[in-house]
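When a residue number appears, it is its place in the shown sequence, counting from 1.
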Amino acid sequence: MMNSNKMTINLALFGMTQSGKSSAGNIILGSTDFQSSFAPCSVTKDCSLGRSCHFRSFMRRGGQEVTLQVQVLDTPGYPHSRLSKKHVRQEIREALAHHFGQEGLHLALLVQRADVPLCGQEESSPVQMIQELLGHAWMNHTAILFTHAEKIEEAGFNEDEYLCEASETLLKLLNSIQRRYIFQYKKGNSLSEQRLKILERIIEFVKENCYQVLTFK
């Protein structure tokens, strides 16, 4: 949603259980809206919408400063330890229609742990969910958010080296979404620094997509 001096960016988080979706959502929002903890089972059971504060003078459009607000939809991970695929899919479908039915969704963030290789069978579940829910235009409205990216540095890789060594499954997925990706680091960065870097990348993707949105009925 956009007017002359205010913009709202709508995001939805997808990914496997314990990939760090809720934690990433809290970083983007600068809040603790979403329950996030380590557990031997799936933590998120329901979709939840969080709204950030208003970021003033964050960006300019048409020569004017624009106040930015971000809305993030947190979703249950899949595969889920307690819920069926049918239940998770219906829960997310209803939440997308309820929250973004009119305003539309700018970007789906597929949350993937950087320290866990992405293999074909594992990749199919969250990606297939995105394809089913977003439709044929999913590739134009999806980016990968790599959590635990500090593990890359600990292993002696930089981002380019990491991607060069990545699985064929991940590289194919990245190419299909025009190589839209974000690395989320925790060590050595304050939460505000993490949020700023992630938001800058998200705005880049939204601009490149000419602020187009997906709407849901």
Requested in this report: Begin with the C-alpha distance, continue with both residues' side-chain angles, and end with the deciding distance and a verdict on side chain to side chain contact (heavy atoms under 4.5 Å, CB included) for Glu159 and Leu163.
Outcome: CA-CA 6 Å; Glu159 292 178 7; Leu163 293 176; 5.5 Å; no
Closest non-hydrogen atom pair, [X] against [Y]:
{"X": "Ile177", "Y": "Ala143", "value": "CD1-CA, 4.0 Å"}
{"X": "Met129", "Y": "Val88", "value": "CE-CG1, 3.9 Å"}
{"X": "Trp138", "Y": "Ser176", "value": "CH2-OG, 4.0 Å"}
{"X": "Phe216", "Y": "Leu133", "value": "CE2-O, 3.6 Å"}
{"X": "Ala137", "Y": "Leu214", "value": "CB-CD2, 3.8 Å"}
{"X": "Gln184", "Y": "Ile27", "value": "NE2-CD1, 3.3 Å"}

Requested in this report: Could you walk me through whether His141 and Leu105 pass the side chain to side chain contact (heavy atoms under 4.5 Å, CB included) test, one step at a time?
Outcome: CA-CA 8 Å; His141 296 271; Leu105 176 71; 5.8 Å; no
Report task. Would you check, one step at a time, whether the test side chain to side chain contact (heavy atoms under 4.5 Å, CB included) holds for Gln178 with Asn140? Result -> CA-CA 8 Å; Gln178 294 83 54; Asn140 297 325; 4.0 Å; yes
Requested in this report: Give a yes or no on this: more than 12 heavy atoms of other residues, nucleotides or ligands lie within 6.0 Å of atom NE2 of His54.
Outcome: yes
Query raised in the report: Is the count of non-hydrogen atoms from other residues, nucleotides or ligands lying under 6.0 Å from Arg179 atom CZ greater than 12?
Result: yes
Can you check whether [X] reaches [Y] side chain to side chain, under 4.5 Å on heavy atoms?
{"X": "Met16", "Y": "Arg113", "value": "no"}
{"X": "Pro76", "Y": "Lys45", "value": "no"}
{"X": "Ile9", "Y": "Leu107", "value": "no"}
{"X": "Thr75", "Y": "Lys21", "value": "yes"}
{"X": "Ile203", "Y": "Leu68", "value": "yes"}
{"X": "Ser48", "Y": "Asp33", "value": "no"}
{"X": "Tyr181", "Y": "Leu170", "value": "no"}
{"X": "Glu153", "Y": "Tyr185", "value": "yes"}

Requested in this report: Determine, for Phe183 and Arg201, whether the Lys NZ or Arg CZ falls below 6.0 Å from the six-membered ring centre while staying within 45 degrees of the axis.
Outcome: no
Expected output: side-chain [X] to main-chain [Y] donor-acceptor under 3.5 Å:
{"X": "Ser52", "Y": "Gly30", "answer": "no"}
{"X": "Ser23", "Y": "Gly20", "answer": "no"}
{"X": "Ser167", "Y": "Leu118", "answer": "yes"}

Query raised in the report: Is a salt bridge present between Glu200 and Lys197, judged by a nitrogen-to-oxygen distance below 4.0 Å?
Result: no
Report whether [X] and [Y] are members of the same hydrophobic cluster (ILVMFWY, side-chain heavy atoms less than 4.5 Å apart, transitive linking).
{"X": "Tyr162", "Y": "Leu171", "result": "no"}
{"X": "Leu174", "Y": "Phe14", "result": "yes"}
{"X": "Val70", "Y": "Leu196", "result": "yes"}
{"X": "Leu109", "Y": "Tyr211", "result": "yes"}

Query - Any pair counted as salt bridge (Lys or Arg N to Asp or Glu O under 4.0 Å), so long as it reaches residues 163-175, sequence neighbours left out - result: none
**Report entry** Full working for side chain to side chain contact (heavy atoms under 4.5 Å, CB included) between Gln71 and His99
**Finding:** CA-CA 9 Å; Gln71 296 190 131; His99 296 295; over 6 Å; no
Report task. State the CG-OG1 distance between Leu134 and Thr142, to the nearest 0.5 angstrom. Result -> 5.5 Å
